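Here the structure comes first, spelled out in structure tokens, and everything after it is commentary.
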Amino acid sequence: MPDAPPSLAELAEEGRSAIAAAGSSVEIEDVRVRLLGRKAPLTVLKRSIGDLPPEERGRVGREANQTSAALEALLAERAAALEAQELDHRLAADRVDVTMPGDPPSPLGSLHLITQTRREIEDVFVGLGFRVLEGPEIEFDFYNFTALNHPPGHPARMLQDTFYLSPDVLLRTHTSPMQVRAMEAQEPPIYVIVPGKTYRRDSDATHTPMFHQVEGLAIDEDLTLADLQGVLLELARSIFGPEREVRLRPHYFPFTEPSVEVDVSCFSCGGTGVSPEGGRDALCKGSGWIEILGAGMVDPNVLGFVADHGYDPDRVQGFAFGMGIERIAMLRHGVPDLRLFYDNDVRFLAQFGR
Ligand code: PHE
């Protein structure tokens, strides 16, 4: 005897447990097909209602429809619950951390070696109590030359041939004009440095028409050449290493008296003149010393131009110095050609990325 077909009550019971057991929206869709699809036992049963005796058709048809409607409602409820659960999981898993850095992080530029070197020099002098000033690149002949003891027609003007904008306005050839401007703006004592761009009509491997200097000026009641030497020793050791020495050699500038050129002991050979491999050291050319800047005691004639700002040459005195930032950077980092600073070749610049 074949198995009797399942009763509506059995189909309803099986359906309820299948719906309850479905664990995902994909599974519940399978269960729907199994319970209510074209080949589902309940569908088959409904299709065969016509074969029943007429008096049973109404009741069985009604009960079958009620069963489908009840399963339909359970399916919808369970599907909604499963979908909500799945959405929660997805939202939790997909959460975006808006505090994470962008991907990929955009490449950063770095400070130009001239800027790095200028800042290092500034740090040394700020540490010694100097203030940092800036001044105009377009300058009066008066500040660039006359007030620095180069009267019109003085032959030393020829040492710094420059770009004139008019007979008495030019691109400054050095930062020294700020000595006089700074003293006009502040009574003594004064301790300042002045970094900035300077211009000369020069162009070769060690000269560009625009370059950078740092000027220094200190005026007080009892400053001597020994103070200048101490300040520059601090600079040399900060920039070139703690073992360095400095030496002052007599020189000439119109606006300092006495004037000196300042050498630092060679950091390639340690001051011996003999290279680490033996033989004449190439950096200092065997001398053991490398020139780094010009300096001197401020000429009383220069103070005479600011006497009515409190600079009485009989009461105050001091020193000034000026250095090329490119030169310091070239020595310090072994840069062979000044023009590399201005070619903007990233392969060069990136080596000093900081
Ligand atoms: N201004 C001089 C130059 O450019 C350097 C210097 C500055 C010398 C201050 C003495 C004092 O060569």
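Since we're looking at a predicted model, the values are computed, not measured. Both ligands and their constituent atoms are indexed starting at 1 by order of listing.
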Out of Val214, Val126, Ile121, which one pairs with Val132 under the side-chain contact (heavy atoms from CB on, under 4.5 Å) rule? Val126

If you measure from each heavy atom of [X] to ligand 1, is any distance below 4.0 Å?
X	value
Glu261	no
Phe255	yes
Gln179	yes

Name the option, out of Arg200, Arg172, Met297, that contains the heavy atom nearest to atom 3 (C) of ligand 1. Arg200

Per-residue contact class, [X] against ligand 1 - non-hydrogen pairs under 4.0 Å:
X	answer
Ser259	neither
Phe321	backbone
Met323	neither

Quick one: side-chain hydrogen bond (donor to acceptor under 3.5 Å, both in side chains) pairs with a partner in residues 304-318, sequence neighbours left out? Glu221-Arg315

Under the side-chain contact (heavy atoms from CB on, under 4.5 Å) rule, what do Leu45 and Val60 come out as? Steps first, then yes or no, please. CA-CA 9 Å; Leu45 183 148; Val60 175; 4.2 Å; yes

Does NZ or CZ of Arg181 lie under 6.0 Å from the centre of the six-membered ring of Tyr143, at an angle within 45° of the ring axis? yes

Can you check whether Thr173 has an N/O within less than 3.5 Å of an N/O in ligand 1? no

Backbone or side chain, does any N or O of Gln213 fall under 3.5 Å from an N or O of ligand 1? yes

Specify whether His150 and His174 have parallel, tilted or perpendicular ring planes, treating 30° as the upper limit for parallel and 60° as the lower limit for perpendicular. perpendicular

Which ligand 1 atoms, with their elements, are less than 4.0 angstrom from a heavy-atom of Ala295? 8 (C), 10 (C), 11 (C)

Can you sort out which atoms of ligand 1 are near Gly294, meaning under 4.0 Å from one of its heavy atoms? 6 (C), 8 (C), 10 (C)

Can you tell me if CG on Leu225 sees more than 12 non-hydrogen neighbours from other groups inside 6.0 Å? yes

Among all residues two or more places apart in sequence or in another chain, which pass the side chain to side chain donor-acceptor pair (under 3.5 Å) test with Ser17? none

Check step by step if ring-ring contact (aromatic ring centres under 6.0 Å, His included) holds for Phe305 and Phe142. CA-CA 11 Å; Phe305 281 93; Phe142 173 78; 5.7 Å; yes

